[in-house]
Each structure stands twice: as C-alpha cells, then as structure tokens.
Amino acid sequence: MMTLNPATSNLLNFNQFHQFPPPTLRHHLPIQSRTVNAPVQSSGVSSGGGGSGFLTAIGRAIEEEEYRKARAEVHKKSIDLDGYSIEGLSIGGHETCVIVPELKTAFDIGRCPAKAVQQNFLFITHAHLDHIGGLPMYIATRGLYSLKPPTVFVPPSIMEDVEQLINIHRNMGQVELNIDLVPLDVGETYEMRNDLVVRPFRTHHVITSQGYVIYSVRKKLRKQYTHLKGKQIEKIKKSGVEITDTILCPEVAFTGDTTSDFYLDPRSADALRAKILITEATFLDESVSAEHAREHGHTHIDEIMENAQWIRNKTVVLTHFSSRYHLEDIRQAVSKLQSKVSAKVMSLTEGFKSMHA
C-alpha cells in the first residue's frame with residue numbers, strides 16, 4: 001500500500017511496495033526557490049587493363065554508400081523505441097542534454113537546447129559545466145514563455161551551490177528565476193505524477209554524481225483475490241480492505257558520467273533492468289585505454305562489453321562519446337556491443353559528423 005505523508009509533499013514512502021526494497025525517506029519539502037576514421041578505400045587489387053577502373057568505381061560507390069549512411073545518422077533527430085523517443089545532444093566534455101518528451105523530462109543541461117525548455121522535469125547528475133551550464137538559461141526561458149516553474153532535481157551535496165548560482169543570475173540580471181529545486185538523494189523516492197516516480201542511484205565519477213531511474217506505478221490484484229468475481233472484489237474493496245499491490249516497473253534509466261563500477265553495484269539493479277538504459281561510452285577504441293577512462297571517471301566501450309552479462313534492458317542507448325570520434329567509429333562500437341548483449345543497442349549521435357563529410 002502506498003502511503004502519502006502531507007509533510008513530505010511529493011516524497012513518498014514505499015516501504016510496503018510489493019517486490020521493492022524500502023527506501024530511506026528524508027522528511028523535507030521540495031525546496032521552492034520562488035522569488036528566490038579515414039575514408040573508406042578500395043582494395044589495391046589489380047586485374048590489369050581496364051579492370052582497375054572498374055574496381056575504382058566500386059570503391060567510390062562503397063564510399064558514397066558509407067557517406068549516405070553517415071548523413072542519415074546526422075539527420076536522425078531522435079530514437080523511437082519502447083514507447084519513448086530519446087533525443088538531444090551528448091558530446092563528452094562539450095554538452096549533454098538528453099530528452100524524453102513522453103515523460104516531460106530532460107537529463108542534464110550542458111547548454112539549453114530549445115526542446116529542453118518544454119520539459120517540466122530536469123534531472124542533474126553532477127555539477128560539471130557540460131552537464132549543468134545551461135540551467136540558468138533553462139529556467140529563464142521557461143519564465144519568458146510563461147511556463148510553470150520547472151522541477152529540478154540535484155544531488156543534495158550541490159544543493160546550496162545551485163541555489164547560489166541561481167541567486168547570482170537573479171542579482172546580475174535583476175530578473176525572477178522561479179524554480180522548484182529538489183535535493184533528491186540515493187534511496188529516496190519522488191512522485192512525478194500519480195503513475196510515475198523517480199529514484200536516484202549511485203554512479204562513480206570524479207566528483208559527486210548520481211543517475212536516475214523513472215518508474216511507472218501500477219496496481220496488481222493480490223493473489224488471494226484473483227479467483228473472485230467482480231462483484232465480490234468490489235464488496236471487499238468497499239469494506240476498506242486493500243486488495244492490490246503497488247508495483248514499480250523501471251522504464252528509463254540515465255547514468256550521466258560514470259565509470260563501469262555501477263554495473264557491479266547491486267543497488268544499480270533497477271537501472272540495468274529498465275526498459276531503456278541511457279548510459280555513457282566516452283571512449284570507443286584502443287587509442288584510449290580502459291584505465292585512462294576509469295581515471296577520468298568515464299567508461300570505455302570494452303568495459304561495457306565485459307559487463308554485458310548484467311545488462312537486462314530491452315534497449316541500451318549509448319551517449320557521451322568523445323568529440324574525437326566520427327559517426328563511423330560510433331556505428332562500429334554499437335555493432336561490437338550488439339554482438340555481446342540481447343538488448344537492442346542504439347546511439348545518440350546528434351552533433352557528430354561523418355569522416356566523409
């Protein structure tokens with residue numbers, strides 16, 4: 001049974017949720033800051049005479065086909081899967097903002113893409129500028145269009161700094177920046193709407209960080225009542241007996257920047273069984289080692305492959321590639337990982353170019 005405590009606003013107590021570990025619940029109100037790769041080359045096979053011209057033509061055709069594929073990737077603005085569309089931009093060290101319009105949600109906001117402004121919920125994973133730099137503009141632009149103040153979730157450890165950041169912009173610009181700021185910690189649960197909740201999970205970056213899992217909330221008739229007819233069930237329900245269990249189903253998980261350690265953390269289990277896992281893969285080839293990735297708080301594609309056995313998601317969306325890579329490198333990495341997991345592997349490639357461009 002789900003119980004609401006009026007003193008905790010949207011923070012919920014899920015201690016009696018069926019098949020779900022009890023969270024640690026802090027009793028506080030959401031803080032309301034109102035007023036406040038080289039081109040493809042044809043093989044060097046020579047058949048003598050005019051045959052070389054034929055092979056050259058084939059080489060050009062192959063290269064043109066690679067170029068067409070690359071351009072198709074560039075023009076694809078979103079990924080549609082499992083009832084959700086995933087879009088946005090995520091380039092390592094430059095900018096990350098991943099948007100799920102069906103949930104009215106954006107994850108991180110390195111700058112402020114126009115589509116992000118329409119999202120009511122913003123989840124900040126950590127305080128690096130390429131993930132939080134667009135926050136003041138996001139708040140201000142929503143105000144400009146008379147949209148309701150956004151609900152912005154942050155790790156509690158950066159709460160005061162974020163408040164100071166907003167106040168600095170208020171003072172400099174002499175403007176109102178209205179925001180509902182929620183410090184949400186690992187183990188806590190927040191109700192986004194009556195059929196959606198969110199919980200953070202621990203990630204492993206060079207500074208304090210956390211990922212988020214968004215769950216759908218469903219009711220399931222308890223087993224002892226499944227044999228009864230409708231009128232009997234209705235009678236029991238009217239008597240005040242709770243006849244259903246509340247089930248949380250992980251829908252979308254977002255890691256932000258992290259090492260591969262989160263794959264081995266039992267508390268990340270829900271992220272690894274969500275319908276969609278959106279995770280980073282900053283480095284894709286042998287030019288950068290997995291050790292280097294780990295030292296800088298990131299993940300190498302080889303590490304994801306090594307931990308493939310823990311991935312139970314329907315779809316994995318790779319993001320946050322280093323800007324050194326081209327679309328062809330990303331496609332090759334996706335293909336490598338696809339061979340190791342049953343999940344469908346996709347990539348967010350907005351902002352990346354073909355080596356043939």
Side-chain angles (χ1 to χ4, degrees), residues 2 8 10-28 98 100 103 105 107-108 121 123-127 131 153-159 182-192 196-218 245-282 290 293-294 297-300 303-320 341 343:
M2 180 172 65
T8 59
N10 292 64
L11 286 166
L12 302 183
N13 181 351
F14 285 94
N15 289 354
Q16 299 183 45
F17 268 175
H18 180 60
Q19 296 180 342
F20 197 80
T24 301
L25 183 62
R26 272 194 302 119
H27 296 278
H28 60 73
V98 178
V100 187
L103 301 175
T105 289
F107 295 103
D108 287 337
F121 301 100
F123 297 91
I124 301 295
T125 61
H126 66 289
H131 293 259
F153 301 86
V154 297
S157 62
I158 68 170
M159 170 71 178
V182 180
L184 194 64
D185 207 354
V186 172
E188 293 182 334
T189 304
Y190 186 97
E191 182 182 33
M192 299 169 63
L196 282 181
V197 300
V198 63
R199 300 185 81 193
F201 63 95
R202 187 184 176 205
T203 54
H204 307 264
H205 196 36
V206 292
I207 61 173
T208 301
S209 64
Q210 62 189 36
Y212 298 91
V213 181
I214 296 178
Y215 301 80
S216 61
V217 182
R218 302 173 187 176
D245 288 314
T246 302
I247 308 296
L248 297 187
C249 301
E251 299 287 330
V252 177
F254 181 81
T255 67
D257 291 3
T258 183
T259 67
S260 61
D261 288 345
F262 97 93
Y263 288 98
L264 301 176
D265 188 340
R267 293 167 294 185
S268 301
D270 282 352
L272 295 171
R273 69 183 185 91
K275 283 184 182 177
I276 302 169
L277 171 64
I278 307 169
T279 190
E280 77 131 279
T282 304
R294 177 175 293 275
H298 292 297
T299 301
H300 195 287
E303 296 177 288
I304 303 178
M305 294 170 65
E306 289 170 5
N307 289 286
Q309 61 180 315
W310 308 115
I311 296 174
R312 297 291 183 267
N313 314 92
K314 288 186 177 180
T315 305
V316 176
V317 180
L318 301 180
T319 67
H320 202 266
V341 297

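Scope of the values below: all heavy atoms of this structure, side chains included, with no hydrogens, waters or symmetry mates.
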**Study point:** Under 3.5 Å donor-acceptor, N313 side chain and A274 backbone
**Key:** yes
Revision key, fill the gap. Here the gap from L277 atom CG to I311 atom CD1, rounded to the nearest 0.5 Å, amounts to 7.0 Å
Study note, to complete from the structure: Heavy-atom closest pair (P250 atom, V213 atom, distance to 0.1 Å) is CB-CG1, 3.8 Å
**Study point:** Atom of G187, atom of R199 and distance for their closest heavy-atom approach
**Key:** O-NH2, 3.3 Å
Practice item. Indicate whether the side chain of T258 and that of H204 have a donor and an acceptor atom separated by less than 3.5 Å. Key: no
Review point. Taking the side chain as C-beta and beyond, is there a heavy-atom pair between C249 and R218 under 4.5 Å?
Key: yes
Revision key, fill the gap. OH of Y263 to CD of E303, rounded to nearest 0.5 Å, is 9.0 Å
Check your understanding: Quick one: are V316 and V341 in side-chain contact, heavy atoms under 4.5 Å?
Key -> no
Practice item. List the atom of P155, the atom of I124, and the distance in Å for their closest heavy-atom pair. Key: CD-O, 3.4 Å
Study note, to complete from the structure: Distance col, row F201:CZ vs D270:CG, nearest 0.5 angstrom, shows 9.5 Å
**Study point:** Geometric class of the H205/H126 ring pair [parallel <30°, tilted 30-60°, perpendicular >60°]
**Key:** perpendicular
Exercise for review: Report the residue from T299, T279, T203 that forms a side-chain hydrogen bond (donor to acceptor under 3.5 Å, both in side chains) with T255.
Suggested key: T279
Review point. Quick one: are T125 and F107 in side-chain contact, heavy atoms under 4.5 Å?
Key: no
**Study point:** Validation row: F123, I214 side chains within 4.5 angstrom (heavy atoms)
**Key:** yes
Review point. How are the rings of Y190 and F153 set relative to one another: parallel (under 30°), tilted (30 to 60°) or perpendicular (over 60°)?
Key: perpendicular
Point to revise | Between CD1 on residue I278 and CG on residue L318, distance to nearest 0.5 Å | key: 11.0 Å
Check your understanding: Hey, what do you get for NE2 (H320) to CG (D257), rounding to the nearest 0.5 Å?
Key -> 3.5 Å
Practice item. Work out which heavy atom in V186 is nearest to a heavy atom in R202; give both atom names and the distance. Key: CG2-N, 3.8 Å
Revision key, fill the gap. CG (N307) and CZ (F262) are apart, to the nearest 0.5 Å, by 8.5 Å
Revision key, fill the gap. In short, L196 meets S216 closest at the heavy-atom pair CD2-CA, 4.0 Å
Practice item. State, with a plain yes or no, whether a side-chain heavy atom of V98 is found less than 4.5 Å away from one of F254. Key: yes
**Study point:** Neighbour count >12 (heavy atoms, 6.0 Å) for atom CZ, R294
**Key:** yes
Point to revise | Where Q210 and P156 come nearest, the two heavy atoms and their spacing | key: OE1-CD, 4.3 Å
